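First the proteins, then the strands, lettered A, B, ... as listed; each starts at 1. A quick note: this is a predicted structure, and the numbers were derived from the prediction, not measured. Only heavy atoms go into these numbers, but all of them, side chains included; no hydrogens, no water, no symmetry mates.
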There are 2 protein chains.
Amino acid sequence: MPSEKTLPRHTQIADRLRADIQSGVYGLGARLPIEAELATLFDTSRPTLRQALATLSAEGLIVRRPRTGSVVVATHVPVVLSHAVTSVNELLDYPRDTHRKVTATRYVKADDALAQQLHCAAGKEWFQITTLRYAGKSTVPLCWTDTYVLPQYAGVTKHRRHTLMPVCEQIVEMFDEVIEQADIEIFVMRIPKRMAAALKAPADSPAMGVMRTYTGSDGEVFQTTVSVHPEERYRYRFELKREARAAGRKR
Amino acid sequence: MPSEKTLPRHTQIADRLRADIQSGVYGLGARLPIEAELATLFDTSRPTLRQALATLSAEGLIVRRPRTGSVVVATHVPVVLSHAVTSVNELLDYPRDTHRKVTATRYVKADDALAQQLHCAAGKEWFQITTLRYAGKSTVPLCWTDTYVLPQYAGVTKHRRHTLMPVCEQIVEMFDEVIEQADIEIFVMRIPKRMAAALKAPADSPAMGVMRTYTGSDGEVFQTTVSVHPEERYRYRFELKREARAAGRKR
DNA sequence: ACTGCGCATTTGTATTGACAATTAAGGCGG
DNA sequence: CCGCCTTAATTGTCAATACAAATGCGCAGT
(Lines give C-alpha, C1' and ligand atoms only; values in the text may rest on other atoms or scores of the structure.)
Protein backbone atom coordinates (compact mmCIF):
# COMPACT_ATOMS: atom_id res chain seq x y z
CA MET A 1 0.00 0.00 0.00
CA PRO A 2 2.44 2.62 -1.13
CA SER A 3 -0.05 5.07 -2.57
CA GLU A 4 -2.53 4.80 0.26
CA LYS A 5 -0.58 6.79 2.75
CA THR A 6 -0.22 9.76 0.45
CA LEU A 7 -3.90 10.10 -0.32
CA PRO A 8 -5.52 13.18 1.27
CA ARG A 9 -7.45 12.47 4.41
CA HIS A 10 -10.75 13.61 2.99
CA THR A 11 -10.29 11.22 0.09
CA GLN A 12 -9.47 8.36 2.43
CA ILE A 13 -12.55 9.12 4.49
CA ALA A 14 -14.75 9.36 1.41
CA ASP A 15 -13.39 6.05 0.14
CA ARG A 16 -14.04 4.42 3.47
CA LEU A 17 -17.59 5.73 3.74
CA ARG A 18 -18.28 4.76 0.14
CA ALA A 19 -17.07 1.25 0.87
CA ASP A 20 -19.24 1.12 3.98
CA ILE A 21 -22.26 2.17 1.95
CA GLN A 22 -21.57 -0.38 -0.75
CA SER A 23 -20.99 -3.16 1.75
CA GLY A 24 -24.22 -2.39 3.54
CA VAL A 25 -22.90 -0.96 6.80
CA TYR A 26 -25.08 1.99 5.90
CA GLY A 27 -27.94 0.59 3.85
CA LEU A 28 -30.29 2.35 1.47
CA GLY A 29 -32.26 4.94 3.41
CA ALA A 30 -30.03 4.71 6.45
CA ARG A 31 -28.80 7.85 8.13
CA LEU A 32 -25.11 8.42 8.58
CA PRO A 33 -23.95 9.63 12.00
CA ILE A 34 -23.91 13.39 12.33
CA GLU A 35 -20.87 15.30 11.14
CA ALA A 36 -19.46 15.90 14.59
CA GLU A 37 -19.67 12.22 15.42
CA LEU A 38 -18.07 11.15 12.16
CA ALA A 39 -15.33 13.68 12.66
CA THR A 40 -14.55 12.15 16.06
CA LEU A 41 -14.79 8.68 14.60
CA PHE A 42 -12.23 9.41 11.91
CA ASP A 43 -10.20 11.55 14.26
CA THR A 44 -10.34 14.57 12.01
CA SER A 45 -11.87 18.03 11.89
CA ARG A 46 -15.38 18.79 10.74
CA PRO A 47 -14.36 20.72 7.56
CA THR A 48 -12.24 17.78 6.44
CA LEU A 49 -15.05 15.40 7.10
CA ARG A 50 -17.48 17.71 5.35
CA GLN A 51 -15.30 17.63 2.27
CA ALA A 52 -15.59 13.85 2.26
CA LEU A 53 -19.36 14.05 2.60
CA ALA A 54 -19.47 16.63 -0.19
CA THR A 55 -17.72 14.13 -2.43
CA LEU A 56 -20.28 11.44 -1.71
CA SER A 57 -23.05 13.96 -2.18
CA ALA A 58 -21.66 14.95 -5.59
CA GLU A 59 -21.50 11.29 -6.50
CA GLY A 60 -25.18 11.02 -5.68
CA LEU A 61 -24.73 8.46 -2.94
CA ILE A 62 -26.11 10.58 -0.12
CA VAL A 63 -28.40 13.55 0.34
CA ARG A 64 -27.66 16.01 3.10
CA ARG A 65 -30.22 18.23 4.71
CA PRO A 66 -30.24 20.32 7.86
CA ARG A 67 -31.83 18.65 10.81
CA THR A 68 -32.27 15.40 8.88
CA GLY A 69 -28.64 14.48 8.50
CA SER A 70 -27.03 12.57 5.66
CA VAL A 71 -29.25 9.92 4.13
CA VAL A 72 -28.01 7.15 1.85
CA VAL A 73 -29.97 7.33 -1.40
CA ALA A 74 -27.86 4.99 -3.56
CA THR A 75 -25.45 2.21 -2.77
CA HIS A 76 -23.34 2.39 -5.90
CA VAL A 77 -22.00 5.19 -8.02
CA PRO A 78 -24.04 4.89 -11.17
CA VAL A 79 -21.90 4.17 -14.19
CA VAL A 80 -23.65 5.12 -17.33
CA LEU A 81 -23.02 5.18 -21.02
CA SER A 82 -23.93 8.57 -22.28
CA HIS A 83 -24.25 10.42 -25.53
CA ALA A 84 -24.01 14.15 -25.06
CA VAL A 85 -24.25 16.82 -27.71
CA THR A 86 -23.69 20.54 -27.35
CA SER A 87 -25.24 21.38 -30.68
CA VAL A 88 -28.15 19.88 -32.50
CA ASN A 89 -25.84 19.65 -35.48
CA GLU A 90 -24.04 16.81 -33.75
CA LEU A 91 -27.30 14.94 -33.57
CA LEU A 92 -27.38 14.27 -37.27
CA ASP A 93 -23.74 14.32 -38.20
CA TYR A 94 -23.92 15.38 -41.78
CA PRO A 95 -20.66 16.12 -43.55
CA ARG A 96 -19.42 19.66 -42.93
CA ASP A 97 -20.40 21.19 -46.21
CA THR A 98 -24.04 20.36 -46.55
CA HIS A 99 -26.71 22.97 -47.01
CA ARG A 100 -30.46 23.06 -47.31
CA LYS A 101 -32.60 24.50 -50.04
CA VAL A 102 -36.10 25.58 -49.10
CA THR A 103 -38.57 24.31 -51.69
CA ALA A 104 -41.85 25.34 -50.09
CA THR A 105 -43.43 26.86 -47.00
CA ARG A 106 -47.05 26.95 -45.92
CA TYR A 107 -49.40 26.90 -42.96
CA VAL A 108 -51.09 23.56 -42.39
CA LYS A 109 -53.73 22.19 -40.08
CA ALA A 110 -52.92 18.62 -39.04
CA ASP A 111 -55.39 16.15 -40.51
CA ASP A 112 -55.67 12.68 -39.00
CA ALA A 113 -52.79 11.25 -41.02
CA LEU A 114 -50.38 14.07 -40.18
CA ALA A 115 -51.45 14.11 -36.55
CA GLN A 116 -50.67 10.44 -36.26
CA GLN A 117 -47.33 10.84 -37.96
CA LEU A 118 -46.29 13.76 -35.75
CA HIS A 119 -47.85 12.35 -32.58
CA CYS A 120 -49.85 15.55 -32.11
CA ALA A 121 -53.52 16.40 -31.75
CA ALA A 122 -55.61 16.51 -34.92
CA GLY A 123 -56.40 20.06 -35.95
CA LYS A 124 -53.13 21.44 -34.59
CA GLU A 125 -51.76 24.36 -36.59
CA TRP A 126 -48.20 24.22 -37.91
CA PHE A 127 -45.97 26.25 -40.17
CA GLN A 128 -44.39 23.78 -42.57
CA ILE A 129 -40.99 24.29 -44.17
CA THR A 130 -40.02 21.80 -46.86
CA THR A 131 -36.33 21.55 -47.72
CA LEU A 132 -33.86 19.40 -49.58
CA ARG A 133 -30.36 18.88 -48.21
CA TYR A 134 -27.37 18.65 -50.53
CA ALA A 135 -23.78 17.64 -49.88
CA GLY A 136 -21.25 20.06 -51.36
CA LYS A 137 -21.98 20.69 -55.01
CA SER A 138 -23.79 17.42 -55.58
CA THR A 139 -27.10 17.66 -57.39
CA VAL A 140 -28.45 14.50 -55.77
CA PRO A 141 -30.11 15.45 -52.50
CA LEU A 142 -29.20 13.68 -49.28
CA CYS A 143 -32.70 13.93 -47.93
CA TRP A 144 -36.12 15.53 -48.03
CA THR A 145 -37.09 17.25 -44.82
CA ASP A 146 -40.41 18.56 -43.64
CA THR A 147 -40.03 20.84 -40.64
CA TYR A 148 -43.12 21.76 -38.66
CA VAL A 149 -42.84 24.69 -36.25
CA LEU A 150 -45.42 26.53 -34.18
CA PRO A 151 -47.06 29.30 -36.26
CA GLN A 152 -45.56 32.04 -34.08
CA TYR A 153 -42.12 30.90 -35.14
CA ALA A 154 -42.80 31.17 -38.88
CA GLY A 155 -40.40 34.10 -38.99
CA VAL A 156 -37.52 31.70 -38.57
CA THR A 157 -37.20 31.50 -42.37
CA LYS A 158 -35.82 35.03 -42.25
CA HIS A 159 -32.84 34.02 -40.12
CA ARG A 160 -29.63 35.19 -41.76
CA ARG A 161 -28.11 31.71 -41.67
CA HIS A 162 -31.37 29.90 -42.28
CA THR A 163 -30.04 27.35 -44.76
CA LEU A 164 -27.00 26.48 -42.69
CA MET A 165 -28.09 26.19 -39.07
CA PRO A 166 -30.53 23.68 -37.62
CA VAL A 167 -33.96 25.28 -37.53
CA CYS A 168 -34.48 24.58 -33.86
CA GLU A 169 -31.31 26.47 -32.96
CA GLN A 170 -32.51 29.40 -34.99
CA ILE A 171 -35.71 29.38 -32.97
CA VAL A 172 -33.71 29.22 -29.76
CA GLU A 173 -31.72 32.22 -30.91
CA MET A 174 -34.52 34.35 -32.36
CA PHE A 175 -37.31 33.65 -29.93
CA ASP A 176 -35.48 32.79 -26.69
CA GLU A 177 -36.87 29.28 -26.73
CA VAL A 178 -35.09 26.52 -24.81
CA ILE A 179 -34.72 22.93 -25.94
CA GLU A 180 -35.66 20.92 -22.89
CA GLN A 181 -35.82 17.59 -24.63
CA ALA A 182 -35.27 16.10 -28.06
CA ASP A 183 -36.85 12.84 -29.17
CA ILE A 184 -35.45 10.90 -32.08
CA GLU A 185 -37.16 8.10 -33.90
CA ILE A 186 -35.63 6.15 -36.76
CA PHE A 187 -37.52 3.77 -39.01
CA VAL A 188 -37.57 2.19 -42.43
CA MET A 189 -40.04 3.54 -44.94
CA ARG A 190 -40.71 3.78 -48.67
CA ILE A 191 -40.12 6.88 -50.74
CA PRO A 192 -43.52 8.60 -51.18
CA LYS A 193 -44.51 9.35 -54.74
CA ARG A 194 -44.56 13.12 -54.16
CA MET A 195 -40.87 13.07 -53.12
CA ALA A 196 -39.54 10.63 -55.70
CA ALA A 197 -38.69 13.10 -58.43
CA ALA A 198 -37.08 15.67 -56.17
CA LEU A 199 -35.02 13.02 -54.38
CA LYS A 200 -34.04 11.39 -57.65
CA ALA A 201 -34.99 8.03 -56.21
CA PRO A 202 -37.69 5.58 -57.33
CA ALA A 203 -41.04 5.81 -55.58
CA ASP A 204 -41.53 2.98 -53.08
CA SER A 205 -37.81 2.31 -52.87
CA PRO A 206 -36.46 1.86 -49.32
CA ALA A 207 -35.50 4.88 -47.26
CA MET A 208 -34.53 5.76 -43.74
CA GLY A 209 -37.00 7.98 -41.96
CA VAL A 210 -35.83 10.12 -39.07
CA MET A 211 -38.29 12.04 -36.94
CA ARG A 212 -37.08 14.53 -34.39
CA THR A 213 -39.30 16.26 -31.86
CA TYR A 214 -38.18 19.24 -29.82
CA THR A 215 -39.84 20.13 -26.54
CA GLY A 216 -39.51 23.60 -25.05
CA SER A 217 -39.29 24.84 -21.50
CA ASP A 218 -43.07 24.85 -21.08
CA GLY A 219 -43.23 21.15 -21.93
CA GLU A 220 -44.84 21.83 -25.29
CA VAL A 221 -43.50 20.50 -28.56
CA PHE A 222 -42.46 23.51 -30.60
CA GLN A 223 -40.92 21.75 -33.58
CA THR A 224 -41.10 18.41 -35.30
CA THR A 225 -38.91 17.42 -38.20
CA VAL A 226 -39.37 14.47 -40.52
CA SER A 227 -36.49 13.54 -42.81
CA VAL A 228 -36.48 10.98 -45.59
CA HIS A 229 -33.08 9.59 -46.62
CA PRO A 230 -33.04 7.37 -49.70
CA GLU A 231 -31.22 4.07 -49.40
CA GLU A 232 -27.41 4.22 -49.28
CA ARG A 233 -27.23 7.99 -48.92
CA TYR A 234 -27.03 8.20 -45.18
CA ARG A 235 -26.12 6.27 -42.06
CA TYR A 236 -27.07 7.38 -38.63
CA ARG A 237 -24.16 6.99 -36.27
CA PHE A 238 -23.40 7.96 -32.69
CA GLU A 239 -21.29 6.85 -29.81
CA LEU A 240 -21.89 6.47 -26.11
CA LYS A 241 -19.03 6.83 -23.71
CA ARG A 242 -18.63 5.47 -20.24
CA GLU A 243 -18.99 8.10 -17.62
CA ALA A 244 -19.12 7.86 -13.87
CA ARG A 245 -21.07 10.49 -12.08
CA ALA A 246 -19.11 13.39 -10.58
CA ALA A 247 -16.33 13.16 -13.11
CA GLY A 248 -13.51 13.90 -10.87
CA ARG A 249 -10.38 11.84 -10.39
CA LYS A 250 -7.35 13.73 -11.52
CA ARG A 251 -5.66 13.32 -14.87
CA MET B 1 -33.17 42.75 -5.02
CA PRO B 2 -34.65 41.05 -2.03
CA SER B 3 -33.01 37.66 -2.43
CA GLU B 4 -29.56 39.00 -3.18
CA LYS B 5 -28.69 39.95 0.33
CA THR B 6 -29.41 36.51 1.70
CA LEU B 7 -27.28 34.61 -0.80
CA PRO B 8 -24.14 33.07 0.74
CA ARG B 9 -20.98 35.00 0.13
CA HIS B 10 -19.31 32.20 -1.81
CA THR B 11 -22.30 32.04 -4.11
CA GLN B 12 -22.24 35.79 -4.65
CA ILE B 13 -18.55 35.66 -5.43
CA ALA B 14 -18.98 32.72 -7.82
CA ASP B 15 -21.81 34.55 -9.57
CA ARG B 16 -19.73 37.68 -9.90
CA LEU B 17 -16.70 35.84 -11.27
CA ARG B 18 -18.89 33.85 -13.65
CA ALA B 19 -20.38 37.09 -14.93
CA ASP B 20 -16.90 38.56 -15.36
CA ILE B 21 -15.83 35.53 -17.35
CA GLN B 22 -18.89 35.67 -19.56
CA SER B 23 -18.55 39.40 -20.14
CA GLY B 24 -14.93 39.04 -21.11
CA VAL B 25 -13.24 40.68 -18.13
CA TYR B 26 -11.37 37.39 -17.92
CA GLY B 27 -11.24 36.05 -21.46
CA LEU B 28 -10.61 32.54 -22.69
CA GLY B 29 -7.16 31.46 -21.57
CA ALA B 30 -6.78 34.37 -19.17
CA ARG B 31 -5.50 33.77 -15.70
CA LEU B 32 -7.53 34.87 -12.72
CA PRO B 33 -5.69 36.70 -9.94
CA ILE B 34 -4.26 34.40 -7.32
CA GLU B 35 -6.50 33.27 -4.48
CA ALA B 36 -4.99 35.60 -1.91
CA GLU B 37 -5.51 38.59 -4.20
CA LEU B 38 -9.09 37.65 -5.00
CA ALA B 39 -9.79 37.14 -1.32
CA THR B 40 -8.60 40.67 -0.62
CA LEU B 41 -10.52 41.98 -3.60
CA PHE B 42 -13.77 40.50 -2.38
CA ASP B 43 -12.91 41.27 1.23
CA THR B 44 -13.31 37.69 2.36
CA SER B 45 -11.22 34.78 3.57
CA ARG B 46 -9.36 32.37 1.35
CA PRO B 47 -11.50 29.33 2.24
CA THR B 48 -14.65 31.20 1.25
CA LEU B 49 -13.09 32.38 -1.95
CA ARG B 50 -11.83 28.88 -2.65
CA GLN B 51 -15.36 27.58 -2.36
CA ALA B 52 -16.40 30.01 -5.07
CA LEU B 53 -13.54 28.91 -7.30
CA ALA B 54 -14.45 25.27 -6.64
CA THR B 55 -17.94 26.02 -7.95
CA LEU B 56 -16.58 27.50 -11.17
CA SER B 57 -14.18 24.61 -11.49
CA ALA B 58 -17.02 22.10 -11.14
CA GLU B 59 -18.92 24.00 -13.81
CA GLY B 60 -15.96 23.57 -16.10
CA LEU B 61 -15.30 27.27 -16.53
CA ILE B 62 -11.84 27.29 -15.02
CA VAL B 63 -9.00 24.87 -14.40
CA ARG B 64 -6.90 25.29 -11.30
CA ARG B 65 -3.37 24.07 -10.96
CA PRO B 66 -0.61 24.76 -8.48
CA ARG B 67 1.85 27.37 -9.60
CA THR B 68 -0.17 28.09 -12.74
CA GLY B 69 -3.19 29.61 -11.08
CA SER B 70 -6.78 29.53 -12.27
CA VAL B 71 -7.13 29.57 -16.04
CA VAL B 72 -10.36 30.31 -17.87
CA VAL B 73 -11.09 27.38 -20.18
CA ALA B 74 -14.69 28.18 -21.12
CA THR B 75 -16.73 31.34 -21.11
CA HIS B 76 -20.13 29.76 -20.72
CA VAL B 77 -21.48 26.85 -18.75
CA PRO B 78 -22.04 24.26 -21.46
CA VAL B 79 -25.63 23.20 -21.78
CA VAL B 80 -25.87 19.87 -23.43
CA LEU B 81 -28.52 17.46 -24.56
CA SER B 82 -27.63 14.04 -23.34
CA HIS B 83 -28.81 10.50 -23.67
CA ALA B 84 -27.63 8.35 -20.77
CA VAL B 85 -28.28 4.67 -20.27
CA THR B 86 -27.42 2.56 -17.28
CA SER B 87 -28.03 -0.71 -19.07
CA VAL B 88 -27.38 -1.75 -22.61
CA ASN B 89 -30.95 -2.96 -22.66
CA GLU B 90 -32.05 0.64 -22.76
CA LEU B 91 -30.03 1.11 -25.91
CA LEU B 92 -32.35 -0.94 -28.02
CA ASP B 93 -35.61 -0.59 -26.21
CA TYR B 94 -37.30 -3.79 -27.14
CA PRO B 95 -40.59 -4.59 -25.46
CA ARG B 96 -40.14 -6.21 -22.04
CA ASP B 97 -40.95 -9.75 -23.00
CA THR B 98 -38.67 -10.44 -25.90
CA HIS B 99 -36.19 -13.28 -25.93
CA ARG B 100 -33.53 -14.60 -28.23
CA LYS B 101 -33.15 -18.03 -29.72
CA VAL B 102 -29.66 -19.13 -30.66
CA THR B 103 -29.72 -20.71 -34.12
CA ALA B 104 -26.00 -21.26 -34.68
CA THR B 105 -22.55 -20.64 -33.26
CA ARG B 106 -19.16 -21.00 -34.89
CA TYR B 107 -15.65 -19.62 -35.03
CA VAL B 108 -14.99 -17.45 -38.07
CA LYS B 109 -12.00 -15.70 -39.57
CA ALA B 110 -13.01 -12.36 -41.07
CA ASP B 111 -12.72 -12.36 -44.84
CA ASP B 112 -12.60 -9.07 -46.71
CA ALA B 113 -16.36 -8.64 -46.82
CA LEU B 114 -16.89 -9.31 -43.12
CA ALA B 115 -13.89 -7.19 -42.17
CA GLN B 116 -15.33 -4.29 -44.07
CA GLN B 117 -18.75 -4.75 -42.54
CA LEU B 118 -17.39 -4.94 -38.98
CA HIS B 119 -14.72 -2.28 -39.52
CA CYS B 120 -12.05 -4.71 -38.33
CA ALA B 121 -8.83 -6.08 -39.78
CA ALA B 122 -9.13 -8.90 -42.32
CA GLY B 123 -8.15 -12.23 -40.83
CA LYS B 124 -9.40 -11.30 -37.35
CA GLU B 125 -10.80 -14.26 -35.43
CA TRP B 126 -14.29 -14.06 -33.96
CA PHE B 127 -16.75 -16.34 -32.25
CA GLN B 128 -20.05 -15.82 -34.00
CA ILE B 129 -23.43 -16.29 -32.33
CA THR B 130 -26.45 -16.15 -34.60
CA THR B 131 -29.80 -15.51 -32.93
CA LEU B 132 -33.38 -14.63 -33.71
CA ARG B 133 -35.34 -12.34 -31.39
CA TYR B 134 -39.01 -12.92 -30.76
CA ALA B 135 -41.62 -10.77 -29.02
CA GLY B 136 -43.72 -12.70 -26.52
CA LYS B 137 -45.19 -15.81 -28.10
CA SER B 138 -45.08 -14.48 -31.62
CA THR B 139 -43.61 -16.81 -34.22
CA VAL B 140 -42.51 -13.96 -36.47
CA PRO B 141 -39.04 -12.86 -35.40
CA LEU B 142 -38.30 -9.21 -34.67
CA CYS B 143 -34.81 -9.46 -36.01
CA TRP B 144 -31.85 -11.57 -37.02
CA THR B 145 -28.73 -10.85 -35.03
CA ASP B 146 -25.15 -11.88 -35.63
CA THR B 147 -23.01 -11.28 -32.56
CA TYR B 148 -19.24 -11.45 -32.92
CA VAL B 149 -17.20 -11.72 -29.74
CA LEU B 150 -13.52 -12.29 -29.13
CA PRO B 151 -12.74 -16.06 -29.14
CA GLN B 152 -11.79 -16.02 -25.43
CA TYR B 153 -15.35 -14.97 -24.63
CA ALA B 154 -16.98 -17.88 -26.45
CA GLY B 155 -18.03 -19.28 -23.08
CA VAL B 156 -20.62 -16.53 -22.83
CA THR B 157 -23.17 -18.89 -24.40
CA LYS B 158 -23.14 -20.83 -21.14
CA HIS B 159 -24.39 -17.83 -19.13
CA ARG B 160 -27.44 -18.84 -17.13
CA ARG B 161 -29.50 -16.00 -18.54
CA HIS B 162 -27.94 -16.11 -21.96
CA THR B 163 -31.12 -15.67 -23.98
CA LEU B 164 -32.43 -12.82 -21.86
CA MET B 165 -29.54 -10.47 -21.14
CA PRO B 166 -27.56 -8.48 -23.67
CA VAL B 167 -24.48 -10.47 -24.59
CA CYS B 168 -22.10 -7.65 -23.80
CA GLU B 169 -23.40 -7.44 -20.24
CA GLN B 170 -22.89 -11.15 -19.84
CA ILE B 171 -19.28 -10.67 -20.90
CA VAL B 172 -18.92 -7.82 -18.43
CA GLU B 173 -20.25 -10.08 -15.71
CA MET B 174 -18.42 -13.28 -16.56
CA PHE B 175 -15.06 -11.95 -17.65
CA ASP B 176 -14.75 -8.67 -15.76
CA GLU B 177 -14.74 -6.71 -18.96
CA VAL B 178 -15.70 -3.02 -18.94
CA ILE B 179 -17.66 -1.24 -21.64
CA GLU B 180 -15.70 1.92 -22.23
CA GLN B 181 -17.56 2.96 -25.35
CA ALA B 182 -20.43 1.82 -27.50
CA ASP B 183 -20.81 2.82 -31.14
CA ILE B 184 -24.14 2.56 -32.85
CA GLU B 185 -24.73 2.74 -36.58
CA ILE B 186 -28.13 2.56 -38.20
CA PHE B 187 -28.73 2.12 -41.90
CA VAL B 188 -31.20 0.87 -44.47
CA MET B 189 -30.45 -2.44 -46.12
CA ARG B 190 -32.09 -5.32 -47.97
CA ILE B 191 -32.88 -8.67 -46.43
CA PRO B 192 -30.11 -11.08 -47.47
CA LYS B 193 -31.27 -14.28 -49.09
CA ARG B 194 -29.84 -16.47 -46.33
CA MET B 195 -31.99 -14.70 -43.72
CA ALA B 196 -35.22 -14.41 -45.67
CA ALA B 197 -36.79 -17.70 -44.69
CA ALA B 198 -35.93 -17.46 -40.99
CA LEU B 199 -37.16 -13.86 -40.79
CA LYS B 200 -40.32 -14.71 -42.73
CA ALA B 201 -39.68 -11.70 -44.94
CA PRO B 202 -39.00 -11.55 -48.69
CA ALA B 203 -35.37 -11.48 -49.78
CA ASP B 204 -34.32 -7.99 -50.91
CA SER B 205 -37.18 -6.34 -49.07
CA PRO B 206 -36.21 -3.24 -47.01
CA ALA B 207 -34.86 -3.64 -43.51
CA MET B 208 -33.24 -1.60 -40.82
CA GLY B 209 -29.70 -2.60 -40.02
CA VAL B 210 -28.25 -1.76 -36.63
CA MET B 211 -24.60 -2.31 -35.89
CA ARG B 212 -23.27 -1.94 -32.37
CA THR B 213 -19.62 -2.02 -31.44
CA TYR B 214 -18.40 -2.34 -27.87
CA THR B 215 -14.96 -1.20 -26.85
CA GLY B 216 -13.35 -2.46 -23.65
CA SER B 217 -11.03 -0.83 -21.15
CA ASP B 218 -7.97 -1.64 -23.22
CA GLY B 219 -9.37 0.25 -26.19
CA GLU B 220 -9.96 -2.93 -28.13
CA VAL B 221 -13.31 -3.85 -29.65
CA PHE B 222 -14.46 -7.00 -27.86
CA GLN B 223 -17.89 -7.38 -29.43
CA THR B 224 -19.71 -6.33 -32.55
CA THR B 225 -23.36 -7.00 -33.16
CA VAL B 226 -25.24 -6.70 -36.43
CA SER B 227 -29.03 -6.79 -36.32
CA VAL B 228 -31.40 -6.94 -39.25
CA HIS B 229 -34.97 -5.73 -38.61
CA PRO B 230 -37.46 -6.29 -41.41
CA GLU B 231 -39.56 -3.34 -42.42
CA GLU B 232 -42.31 -2.29 -39.99
CA ARG B 233 -41.17 -4.56 -37.18
CA TYR B 234 -39.03 -2.12 -35.31
CA ARG B 235 -38.39 1.56 -34.72
CA TYR B 236 -35.31 2.89 -33.06
CA ARG B 237 -36.19 5.57 -30.59
CA PHE B 238 -34.38 7.56 -27.92
CA GLU B 239 -34.56 10.86 -26.16
CA LEU B 240 -32.03 13.45 -25.17
CA LYS B 241 -32.64 15.65 -22.18
CA ARG B 242 -31.25 19.06 -21.39
CA GLU B 243 -28.64 19.03 -18.73
CA ALA B 244 -26.45 21.79 -17.42
CA ARG B 245 -23.06 20.77 -16.18
CA ALA B 246 -22.55 20.58 -12.41
CA ALA B 247 -26.19 19.92 -11.74
CA GLY B 248 -26.56 21.57 -8.51
CA ARG B 249 -28.86 24.42 -7.63
CA LYS B 250 -31.02 23.41 -4.76
CA ARG B 251 -34.39 21.65 -5.03
C1' DA C 1 23.85 26.87 -26.01
C1' DC C 2 21.80 23.35 -23.44
C1' DT C 3 20.66 20.73 -19.38
C1' DG C 4 19.65 19.87 -14.72
C1' DC C 5 18.65 21.38 -10.22
C1' DG C 6 17.01 24.53 -6.56
C1' DC C 7 13.73 27.79 -5.22
C1' DA C 8 9.91 30.66 -4.93
C1' DT C 9 5.14 30.92 -6.08
C1' DT C 10 0.60 29.13 -6.05
C1' DT C 11 -2.74 25.92 -4.98
C1' DG C 12 -3.97 21.83 -1.89
C1' DT C 13 -4.92 20.13 2.71
C1' DA C 14 -5.98 20.42 7.50
C1' DT C 15 -7.34 22.51 12.19
C1' DT C 16 -9.97 25.35 15.35
C1' DG C 17 -13.62 28.23 16.44
C1' DA C 18 -17.91 30.56 16.00
C1' DC C 19 -22.42 31.84 14.33
C1' DA C 20 -26.46 31.45 10.98
C1' DA C 21 -30.12 28.99 8.66
C1' DT C 22 -33.13 25.28 8.31
C1' DT C 23 -36.37 22.17 9.83
C1' DA C 24 -38.29 18.12 12.43
C1' DA C 25 -40.39 17.36 16.67
C1' DG C 26 -42.56 18.29 20.69
C1' DG C 27 -45.20 21.35 23.64
C1' DC C 28 -48.84 24.55 24.39
C1' DG C 29 -53.09 26.69 23.70
C1' DG C 30 -57.51 27.13 21.41
C1' DC D 1 -58.01 16.87 19.10
C1' DC D 2 -55.93 19.83 16.00
C1' DG D 3 -52.96 23.46 14.71
C1' DC D 4 -49.63 26.88 15.66
C1' DC D 5 -45.41 28.08 17.78
C1' DT D 6 -41.33 27.38 20.20
C1' DT D 7 -37.18 24.79 20.51
C1' DA D 8 -33.35 22.25 19.73
C1' DA D 9 -30.67 19.39 16.65
C1' DT D 10 -28.11 19.39 12.48
C1' DT D 11 -26.09 21.13 8.55
C1' DG D 12 -24.54 25.55 6.22
C1' DT D 13 -21.48 29.43 6.20
C1' DC D 14 -17.44 32.07 7.33
C1' DA D 15 -12.89 33.41 9.35
C1' DA D 16 -7.89 33.10 10.51
C1' DT D 17 -3.93 30.30 10.22
C1' DA D 18 -0.45 26.77 9.28
C1' DC D 19 1.90 23.58 6.65
C1' DA D 20 2.33 20.40 2.46
C1' DA D 21 2.69 19.54 -2.39
C1' DA D 22 3.29 20.63 -7.02
C1' DT D 23 5.55 23.03 -10.60
C1' DG D 24 7.29 26.79 -13.68
C1' DC D 25 11.23 29.58 -13.98
C1' DG D 26 15.69 31.08 -13.59
C1' DC D 27 20.36 30.24 -12.53
C1' DA D 28 24.49 27.76 -12.70
C1' DG D 29 27.47 24.48 -14.52
C1' DT D 30 29.10 21.95 -18.35
Would you call the rings of Tyr214(B) and Phe222(B) parallel, tilted or perpendicular, taking 30° and 60° as the class edges? tilted
Between Thr48(B) and dC14(D), is there a side-chain N or O to OP1/OP2 distance below 4.0 Å? no
Rounded distance in Å - CD1 (Ile34(A)) to P (dT23(C)): 18 Å
Heavy-atom count check: over 12 atoms from other residues, nucleotides or ligands less than 6.0 Å from Asp43(B) CG? no
Out of dC14(D), dA14(C), dT11(C), minimum distance to the side chain of Pro8(B) belongs to dC14(D)
Would you mind reading off the distance between Asp43(B) atom CG and dA15(D) atom C1', rounded to a whole angstrom? 11 Å
From CZ of Arg67(A) across to P of dG12(D) the rounded distance in Å is 14 Å
If I take atom CG in residue Leu7(B) and atom C1' in nucleotide dC14(D), what distance separates them, rounded to the nearest angstrom? 15 Å
Between Gln223(B) and Tyr153(B), do the side chains contain an N or O donor and an N or O acceptor separated by less than 3.5 Å? no
Proximity to the side chain of Glu35(A) - top-ranked nucleotide from dA14(C), dT11(D), dT11(C): dT11(D)
Considering just the side-chain nitrogens and oxygens of Arg50(B), establish if one lies under 4.0 Å of OP1 or OP2 belonging to dG12(C). yes
Within 45 degrees of the axis of the six-membered ring of Phe42(A) and under 6.0 Å from its centre: does Arg16(A) put its NZ or CZ there? no
Taking atom C1' of dA14(C) as reference, at what distance in whole Å does atom CD1 of Ile13(A) sit? 10 Å
Output yes when at least one side-chain N/O atom of Thr68(A) is less than 4.0 Å from OP1 or OP2 of dT10(D), else no. no
Separation of atom NE2 in His10(B) from atom P in dA15(D), rounded to whole Å: 11 Å
May I have the distance from Arg46(A) (atom CZ) to dC19(C) (atom C1'), rounded to whole angstrom? 11 Å
Using atom CZ of Phe42(B) as one end and atom P of dC14(D) as the other, report the distance to the nearest whole Å. 13 Å
